[in-house]
Amino acid sequence: QVQLVESGGGLVQPGGSLRLSCASSGAPLDYYSIGWFRQAPGKDREGVSCISRSDGSRSYADSVKGRFTISRDSAKNTVYLQMGSLKPEDTAVYYCAAHPTRIVRDICGIVKSWVYYWGQGTQVTVSS
């Protein structure tokens with residue numbers, strides 16, 4: 001079993017940075033590919049970034065490329081989402097999810113494919 005807990009959200013000004021964490025209290029996250037997703041009020045949940053469990057390959061939504069970086073710290077059993085140059089449109093609840101697939105590229109942005117484990121979410125608000 002995997003229990004995912006997100007943290008690191010908060011209020012930040014446009015242009016600022018935040019680092020979100022996704023930690024597991026169950027099985028090692030190295031056993032899973034991990035995705036970050038977000039859901040803004042009144043909008044569907046969307047994929048933001050993913051990291052594969054087999055080779056560490058990364059995928060990003062076009063809207064965050066060059067601004068966000070996903071990484072994994074196996075020793076801390078944590079996956080991070082470093083967010084920079086934040087914009088008001090990045091405001092959302094951010095979720096992490098785990099999937100046993102080895103390579104995550106093909107399902108990174110397909111929310112309905114992530115049927116295994118989800119965290120409870122952390123709020124990110126970008127506003128002046």
Side-chain angles (χ1 to χ4, degrees):
Q1 281 285 353
V2 175
Q3 291 184 317
L4 301 175
V5 179
E6 303 95 336
S7 61
L11 173 63
V12 62
Q13 292 186 341
S17 300
L18 280 176
R19 188 179 75 165
L20 305 184
S21 299
C22 174
S24 170
S25 60
L29 288 184
D30 284 353
Y31 293 178
Y32 299 91
S33 293
I34 303 297
W36 280 100
F37 299 81
R38 66 186 181 187
Q39 188 166 17
K43 294 188 176 181
D44 292 335
R45 192 170 297 188
E46 63 176 359
V48 175
S49 182
C50 302
I51 186 166
S52 295
R53 72 173 176 93
S54 62
D55 62 0
S57 57
R58 299 166 172 83
S59 300
Y60 297 94
D62 288 343
S63 58
V64 305
K65 279 181 182 176
R67 301 189 298 122
F68 290 11
T69 302
I70 190 170
S71 62
R72 186 193 295 270
D73 186 332
S74 298
K76 295 184 178 180
N77 206 25
T78 300
V79 172
Y80 300 102
L81 184 68
Q82 179 68 49
M83 306 187 297
S85 301
L86 284 163
K87 305 175 182 180
E89 51 263 44
D90 294 317
T91 295
V93 178
Y94 283 71
Y95 302 88
C96 63
H99 196 294
T101 188
R102 296 179 66 251
I103 299 293
V104 76
R105 180 180 59 251
D106 291 342
I107 65 166
C108 184
I110 305 174
V111 175
K112 65 181 180 180
S113 294
W114 294 76
V115 297
Y116 296 92
Y117 306 104
W118 285 85
Q120 83 291 345
T122 185
Q123 176 71 46
V124 172
T125 302
V126 184
S127 175
S128 55

Asker: Could you state the interatomic distance from OH (Y116) to NE2 (H99), rounded to the nearest 0.5 Å?
Answerer: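 Nearest 0.5 Å value for the OH-NE2 distance: 5.0 Å.
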Asker: Any side-chain heavy atom of D30 within less than 4.5 Å of one from R53?
Answerer: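 No, side chains not in contact.
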Asker: Given D90 and R67, is the side chain to side chain contact (heavy atoms under 4.5 Å, CB included) satisfied, shown in steps?
Answerer: CA-CA 11 Å; D90 294 317; R67 301 189 298 122; 2.8 Å; yes
Asker: Answer yes if V115 and V104 sit in the same cluster of Ile, Leu, Val, Met, Phe, Trp and Tyr residues linked by side chain heavy atoms under 4.5 Å apart, and no otherwise.
Answerer: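 Different clusters.
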Asker: Hydrophobic cluster membership, with links at side-chain heavy-atom distances under 4.5 Å among I/L/V/M/F/W/Y: are V5 and I70 in one?
Answerer: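 Different clusters.
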Asker: Taking CD in E89 as the centre, count heavy atoms belonging to other residues, nucleotides or ligands within less than 6.0 Å. Is the count above 12?
Answerer: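 Yes, because the 6.0 Å sphere around CD of E89 holds more than 12 heavy atoms from other groups.
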Asker: For a 4.5 angstrom cut-off between non-hydrogen side-chain atoms, does L86 reach F68?
Answerer: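 Yes, side chains in contact.
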Asker: Do the side chains of L81 and V79 join up, straight or via other hydrophobic residues, at under 4.5 Å, putting them in one cluster?
Answerer: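 Yes; V79 is reachable from L81 via cluster members.
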Asker: So how far is it from L20 CG to Q82 CD, rounded to the nearest 0.5 Å?
Answerer: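 With rounding to 0.5 Å, CG (L20) is 8.5 Å from CD (Q82).
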Asker: Evaluate the criterion side chain to side chain contact (heavy atoms under 4.5 Å, CB included) for residue pair V12 and S17; output intermediate values, then yes/no.
Answerer: CA-CA 7 Å; V12 62; S17 300; over 6 Å; no
Asker: CZ of R58 to SG of C50: how many Å apart, nearest 0.5 Å?
Answerer: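 With rounding to 0.5 Å, CZ (R58) is 12.0 Å from SG (C50).
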Asker: With a 4.5 Å cut-off on side-chain heavy-atom distances among I, L, V, M, F, W and Y, is there a chain of contacts connecting Y95 to Y60?
Answerer: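 In one cluster with Y95: Y60, no.
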Asker: How close do R105 and S52 get, heavy atom to heavy atom, and via which atoms?
Answerer: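 Smallest interatomic distance, heavy atoms only, reads N-OG, 4.3 Å.
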Asker: Within a reach of under 6.0 Å around CD of Q3, are more than 12 heavy atoms found that belong to other residues, nucleotides or ligands?
Answerer: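 No, the 6.0 Å shell around CD holds no more than 12 heavy atoms from other groups.
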Asker: Donor-acceptor pair, D73 side chain versus T78 backbone, under 3.5 Å?
Answerer: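 Pair absent, no side-chain N/O of D73 close to backbone of T78.
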Asker: Looking only at heavy atoms, which two atoms of C108 and S49 are closest? And how far apart?
Answerer: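 Minimum heavy-atom separation between C108 and S49: SG-C, 3.8 Å.
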Asker: Please give me the minimum heavy-atom distance between V64 and R38, naming the atom from each residue.
Answerer: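 Nearest heavy atoms, V64 then R38: CG1-NH1, 4.0 Å.
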Asker: Where do I107 and T101 come nearest, in terms of heavy atoms and distance?
Answerer: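 In terms of heavy atoms, the two residues are closest at CD1-CG2, 3.9 Å.
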Asker: Evaluate whether atom CG of D55 has more than 12 neighbouring non-hydrogen atoms of other residues, nucleotides or ligands under 6.0 angstrom away.
Answerer: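 Counting other residues, nucleotides and ligands, CG of D55 exceeds 12 neighbours.
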Asker: Please give me the minimum heavy-atom distance between P14 and S128, naming the atom from each residue.
Answerer: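 Scanning both residues completely, I find the closest heavy atoms to be CD-N, 3.7 Å.
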Asker: To the nearest 0.5 Å, how far apart are OG in S57 and CD1 in I51?
Answerer: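 One gets 8.0 Å once the value is rounded to the nearest 0.5 Å.
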Asker: Is there a path of hydrophobic side-chain contacts, each under 4.5 Å between heavy atoms of I, L, V, M, F, W or Y residues, that connects V93 with V126?
Answerer: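 Shared cluster, no.
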Asker: Look up atom CD in E46 and atom CD in Q39, then write down how far apart they are to the nearest 0.5 Å.
Answerer: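 Answer rounded to 0.5 Å: 9.5 Å.
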Asker: Locate the shortest heavy-atom distance separating R102 from S33; write the atom from each residue and the value.
Answerer: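 Smallest interatomic distance, heavy atoms only, reads O-OG, 3.7 Å.
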Asker: Working to the nearest 0.5 Å, report the span between CZ of R72 and CG of L29.
Answerer: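 CG of L29 is found 6.5 Å from CZ of R72.
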Asker: Please check if the distance between the ring centroids of F37 and W118 is under 6.0 Å.
Answerer: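 Yes: the rings meet the under 6.0 Å criterion.
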Asker: Less than 4.0 angstrom from a charged side-chain N to a carboxylate O is my criterion; do K65 and D62 meet it?
Answerer: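 The answer is yes: the pair qualifies as a salt bridge.
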Asker: For the rings on Y32 and Y117, is their centre-to-centre separation under 6.0 Å?
Answerer: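 Yes; Y117 has its ring centre under 6.0 Å from that of Y32.
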Asker: Between E6 and Q120, is there a donor-acceptor pair closer than 3.5 Å when you use the side chain of the first and the backbone of the second?
Answerer: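 Side chain of E6 to backbone of Q120, a donor-acceptor pair under 3.5 Å: yes, one is there.
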